[in-house]
Number of protein chains: 2
Amino acid sequence: MAKSPALLEADHDHRHCVDNALAVATELCQRRGARLTVLRRRVLELVWRSHGPVGAYEILDWLRSEDGRTAAPPTVYRALDFLIEQRLIHRIESLNAFVGCIDPINPHTGQYLICRDCRTVTELDDDGISHAIRRQAQQRGFQIGQQTVEVHGLCENCAGKKPGSEIGRQSAS
Amino acid sequence: MAKSPALLEADHDHRHCVDNALAVATELCQRRGARLTVLRRRVLELVWRSHGPVGAYEILDWLRSEDGRTAAPPTVYRALDFLIEQRLIHRIESLNAFVGCIDPINPHTGQYLICRDCRTVTELDDDGISHAIRRQAQQRGFQIGQQTVEVHGLCENCAGKKPGSEIGRQSAS
DNA sequence: TAGTCCTGGATATAGTATAACACAGCGCCC
DNA sequence: GGGCGCTGTGTTATACTATATCCAGGACTA
Ligand SMILES: [Zn+2]
Ligand SMILES: [Zn+2]
Ligand SMILES: [Zn+2]
Ligand SMILES: [Zn+2]
């Protein structure tokens with residue numbers, strides 16, 4: 001399947017994103033006494049291969065083809081479960097896929113803008129949204145466990161222009 | 001995990017919920033020129049069997065065991081797709097399941113409170129939430145296609161219902 | 001009546017996730 | 001050292017969710 005290049009690995013120094021994510025993860029796990037093993041670290045790196053959602057079986061393929069590692073679905077899912085527990089990655093429910101957390105240090109609710117074109121996921125942590133949700137929940141006596149806010153649509157890049165074309169000023173309707 | 005029966009079909013006249021949903025659906029489809037066939041109507045009825053999320057294969061089993069109908073996955077998924085298009089049901093992404101829409105007449109964004117205990121899904125249509133989301137999206141030039149707000153937790157009943165407190169307050173739209 | 005579209009039956013397969021068992025390494029306590 | 005339990009991973013099998021494809025029959029149209 002032809003996946004559009006999940007945003008911008010060309011448009012910025014993505015190696016920096018990855019290195020930073022790994023460094024923070026290392027630090028965080030050490031502090032917590034959690035074991036960021038070679039496999040787990042590698043899976044985290046693979047999730048960070050782009051800013052787009054990454055599927056478990058995609059990771060599986062990479063582990064097999066690039067690392068020569070014998071791997072089966074549980075190998076990947078267990079690593080992903082660990083990374084989720086440590087809040088180093090998030091699961092995008094509406095896509096059955098995973099994305100690196102942009103700020104693992106400060107716990108936050110999951111709010112995402114997902115571009116259906118370039119597949120970039122932008123993580124939000126907006127108080128307005130979570131406050132509005134908490135307000136409704138409270139009003140109904142609902143005790144919040146986990147929020148999932150996933151907004152699909154078109155990102156600024158993909159909404160206003162097509163790849164390769166000039167940057168046209170577009171007046172949003 | 002002990003699953004309590006999804007919402008209180010005993011605590012209220014659920015037949016009324018079902019009848020109402022079917023009546024509204026009939027009316028709406030007629031007005032739209034959409035064909036609410038026997039199968040589609042039956043699937044809608046099955047989705048409305050509870051106020052909890054219902055899986056596609058659950059519906060499939062019911063069709064086979066209760067209706068004696070020969071049915072395969074596509075049978076169910078096609079009916080579900082139709083019902084979703086007509087906005088008679090919603091898909092709960094985080095559960096791979098479906099739930100009847102409480103107000104198919106007025107189009108609205110999907111916002112749900114999902115009880116992890118009794119599995120009741122309460123649909124919201126809160127302007128505060130969607131406004132906060134739209135605001136964030138706008139701020140980032142993101143063009144919203146479809147919102148998904150799914151909040152997991154404990155409903156009033158299942159959380160810490162105090163003895164003697166009123167229970168089961170369910171606001172319809 | 002013939003043509004066309006819509007619906008749904010039937011078969012096969014794709015995609016996502018977990019159960020269950022095995023085994024190796026490590027720390028611990030005797 | 002030897003038994004023990006714990007964690008992480010390998011291995012196999014299976015469950016669960018969803019779609020692709022082809023076809024038959026009925027409804028609508030001209
Ligand atoms: Zn980057
Ligand atoms: Zn985009
Ligand atoms: Zn009811
Ligand atoms: Zn409940």
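So you know, we letter chains A, B, ... as the sequences are listed, proteins then strands, and number each from 1.
- Salt-bridge formation is detected for the pair A:R31/A:E27: a Lys NZ or Arg NE/NH1/NH2 atom is positioned less than 4.0 Å from an Asp or Glu carboxylate oxygen.
- The CG atom of A:D67 sits 11 Å away from the P atom of D:dG10 (whole-angstrom rounding).
- Salt-bridge annotation for B:E66 and B:R49: present, with a side-chain N of the basic residue lying under 4.0 Å from a carboxylate O of the acidic one.
- Taking only distance into account, the side chain of A:Y57 meets the base of C:dA17 through a donor-acceptor pair shorter than 3.5 Å.
- For A:Y77, the listed nucleotide lying nearest its side chain is C:dT16; candidates were C:dT16, D:dA18, C:dT7.
- A tilted orientation is assigned to the rings of A:H14 and A:W48, their planes being inclined by 30° to 60°.
- On a pure distance criterion of 3.5 Å, a polar donor-acceptor pair joins the side chain of B:R78 and the base of C:dG9.
- To the nearest angstrom, P of D:dT17 lies 11 Å from CD1 of B:I59.
- The listed nucleotides are D:dA20, C:dA17, D:dT11; the one nearest the side chain of A:F98 is C:dA17.
- One atom, CG of A:L80, and another, C1' of C:dA17, lie 11 Å apart when rounded to the nearest Å.
- The interatomic distance linking B:L63 (CG) with C:dG8 (P) rounds to 11 Å, in whole Å.
- Within a 6.0 Å sphere centred on CZ of A:R42, heavy atoms belonging to other residues, nucleotides or ligands number more than 12.
- Interface remark: the B:R69 side chain does not form any donor-acceptor pair with the C:dG8 base, using a distance-only criterion of under 3.5 Å.
- Atom CZ in B:R64 sits about 17 Å away from atom P in C:dG8, given to the nearest Å.
- In this structure, the nucleotide among C:dA17, D:dA18, D:dG8 sitting nearest to the side chain of A:T37 is D:dG8.
- Nearer to the 5' terminus of DNA chain D, by closest-nucleotide assignment, is the contact made by A:F82 (compared with the other of A:A72 and A:F82).
- Contact annotation: A:R35 side-chain N/O to D:dT7 OP1/OP2 distance is not under 4.0 Å.
- Here D:dA18 presents its C1' atom at 13 Å from CD of B:E93, a figure rounded to the nearest Å.
- Considering only the side chain of B:L39, C:dG9 comes nearest among C:dG9, D:dA18, D:dT12.
- The CD1-C1' distance, from B:I92 to D:dT17, rounds to 16 Å in whole Å.
- Distance from the side chain of A:N96 is smallest to C:dT16 among C:dG9, C:dT16, D:dT17.
- Between A:R42 and D:dT9 there is no side-chain polar atom (N or O) within less than 4.0 angstrom of OP1 or OP2.
- Going from atom CD of A:E58 over to atom P of C:dA14 covers 18 Å, rounded to whole Å.
- Side chain of B:R40 to backbone of B:L83: no donor-acceptor contact under 3.5 angstrom is found.
- Applying the 4.0 Å criterion to OP1 and OP2 of C:dA10, one finds that B:T75 has every side-chain N and O outside that range.
- In this structure, B:F98 and B:Y77 have perpendicular ring planes: the angle between them is above 60°, well past the 30° mark.
- Proximity note for B:P74 (side chain, C-beta onward) versus C:dT7, D:dA20, C:dG9: the nearest is D:dA20.
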